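The structure appears right after this line, and notes come after that.
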Amino acid sequence: MKSDKNITMKEAKRRTGLSSRQIRYYDEQDLIFPERSSGNQRLFSESDIKVLEKIKELLAQGNSIETIRSKITAPEIEEDLSEDDYQALDYDDSFNKYGGADLDSLYPVSNRSALLKKLSLINKTKSPEGESKDGKKD
DNA sequence: CTTCTGACA
DNA sequence: TGTCAGAA
């Protein structure tokens with residue numbers, strides 16, 4: 001995984017087509033989680049850009065930012081999502097950041113939902129029929 | 001020069 | 001959401 005959070009605001013604006021005001025606003029809405037470095041400046045990752053692009057897309061589709069936030073922070077598990085959806089909502093950098101660190105405050109249920117989704121997908125995809133004959137478990 | 005935050009229209 | 005001010 002490469003979670004290079006080196007994308008500047010300018011780049012983010014250029015790549016997403018969103019205004020700095022919007023990007024900052026979405027950041028406040030916890031839709032994106034840019035690293036903060038030198039001069040308290042935002043450093044976005046590819047995942048952040050991806051999310052921003054999705055936000056823009058959803059926004060263009062006539063969704064309110066609250067709706068968008070719901071979709072991005074807590075995507076429905078019951079939805080018939082395809083692997084594409086997961087790619088669109090790439091939390092790898094988020095997991096990477098909070099995965100090894102002490103995650104106890106941030107990420108209320110967003111991670112869990114996304115994780116559950118991924119897990120359920122893997123479950124369906126791989127069809128894991130693990131029948132333990134012997135009742136031996138650790 | 002570019003970005004950040006807070007605030008106003 | 002755009003834009004201004006003051007600071008970094």
Side-chain angles (χ1 to χ4, degrees):
Chain A
M1 287 169 183
K2 38 143 188 63
S3 303
D4 300 317
K5 298 209 165 198
N6 298 314
I7 303 174
T8 60
M9 241 298 171
K10 197 175 181 178
E11 266 294 287
K13 288 201 308 180
R14 189 187 68 77
R15 293 183 59 174
T16 65
L18 295 168
S19 63
S20 56
R21 187 36 159 58
Q22 290 176 294
I23 297 177
R24 274 193 258 115
Y25 181 63
Y26 303 142
D27 184 20
E28 290 178 28
Q29 300 302 308
D30 273 2
L31 297 176
I32 56 179
F33 309 92
E35 196 77 34
R36 299 301 269 258
S37 292
S38 57
N40 200 35
Q41 221 135 296
R42 291 182 177 80
L43 294 180
F44 305 90
S45 66
E46 297 296 332
S47 303
D48 290 321
I49 299 298
K50 203 169 296 189
V51 174
L52 285 174
E53 289 179 334
K54 190 171 195 70
I55 293 173
K56 194 179 86 172
E57 193 177 292
L58 266 41
L59 218 51
Q61 288 175 43
N63 293 295
S64 59
I65 82 101
E66 267 192 66
T67 305
I68 297 174
R69 189 181 55 193
S70 301
K71 291 179 179 298
I72 298 189
T73 60
E76 295 303 316
I77 306 178
E78 298 307 309
E79 286 292 357
D80 64 300
L81 322 122
S82 43
E83 294 172 273
D84 249 43
D85 291 280
Y86 302 129
Q87 290 179 16
L89 297 176
D90 200 334
Y91 293 89
D92 65 77
D93 70 292
S94 304
F95 284 121
N96 183 28
K97 180 179 180 185
Y98 302 104
D102 34 44
L103 73 163
D104 51 76
S105 42
L106 318 191
Y107 277 73
V109 261
S110 43
N111 282 8
R112 182 194 276 171
S113 297
L115 183 57
L116 286 175
K117 283 189 354 186
K118 293 186 177 181
L119 289 176
S120 66
L121 180 72
I122 297 173
N123 258 327
K124 295 187 298 188
T125 306
K126 304 181 80 112
S127 319
E129 298 304 306
E131 255 78 83
S132 303
K133 293 178 189 178
D134 45 283
K136 126 180 186 192
K137 45 185 79 173
D138 62 290

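Predicted model only: the values in this text are computed from it and were never measured. Below, read A as the first sequence line, B as the second, and so on, with proteins coming before strands; counting in each chain starts at 1. Heavy atoms only: backbone and side chains are in, while hydrogens, waters and symmetry mates are out.
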* **Under 3.5 Å donor-acceptor, A:Lys56 side chain and A:Thr16 backbone** => yes
* Asked: What nucleotide among B:dT2, C:dG2, B:dC4 has an atom nearest to a side-chain atom of A:Lys10?
  -> B:dT2
* Structure fact -> In terms of heavy-atom contacts, A:Ile7 and A:Ala12 come closest through CG2-N, 3.8 Å
* Structure fact -> Of A:Glu28 and A:Glu11, the one whose closest nucleotide on DNA chain B sits nearer the 5' end is A:Glu11
* To do: Answer with base, sugar-phosphate or nothing: what part of the nucleic acid does A:Ser19 contact at a heavy-atom distance below 4.0 Å?
  => sugar-phosphate
* Under 4.0 angstrom, heavy atoms only, what part of the nucleic acid is A:Tyr26 near: base, sugar-phosphate, or nothing? -> sugar-phosphate
* Asked: From the list B:dT3, B:dT5, C:dT1, which nucleotide is the closest neighbour of the side chain of A:Gln41?
  -> B:dT3
* Provide, to the nearest angstrom, the distance between the CZ atom belonging to A:Arg21 and the C1' atom belonging to B:dC4. => 12 Å
* Closest contact, heavy atoms only, A:Arg42 versus A:Arg24 -> NH1-CG, 3.3 Å
* Asked: What nucleotide among B:dC4, B:dT3, C:dT1 has an atom nearest to a side-chain atom of A:Lys13?
  -> B:dT3
* Asked: Does A:Asn40 place a side-chain N or O at less than 4.0 Å from the phosphate oxygens OP1/OP2 of C:dA8?
  -> no
* Asked: If you pin A:Gly39 and A:Leu59 to their nearest nucleotides in DNA chain C, which one's is more 5'?
  -> A:Leu59
* May I have the distance from A:Ile23 (atom CD1) to B:dT2 (atom P), rounded to whole angstrom? => 15 Å
* **Atom-pair distance (CD1 on A:Ile55; C1' on C:dT1), nearest Å** => 15 Å
* Looking at A:Leu59, A:Leu52, A:Asp27, which one forms a side chain to side chain contact (heavy atoms under 4.5 Å, CB included) with A:Gln22? -> A:Leu59
* To do: Classify the side chain of A:Arg24 versus the base of B:dT5 as yes if they form a donor-acceptor pair under 3.5 Å and no if they do not.
  => no
* Asked: OH of A:Tyr25 versus P of B:dA7: gap in Å, rounded?
  -> 15 Å
* N/O (side chain, A:Arg36) to phosphate O (OP1/OP2, B:dT5) under 4.0 Å -> yes
* Asked: Separation of A:Gln22 atom CD from B:dC4 atom C1', in whole Å?
  -> 17 Å
* Asked: Between A:Met9 (CE) and B:dC1 (C1'), how many Å, whole number?
  -> 16 Å
* Side chain of A:Asp48, backbone of A:Ile32: donor and acceptor closer than 3.5 Å? -> no
* Whole Å only: how far is the CG atom of A:Leu43 from the C1' atom of B:dT3? -> 11 Å
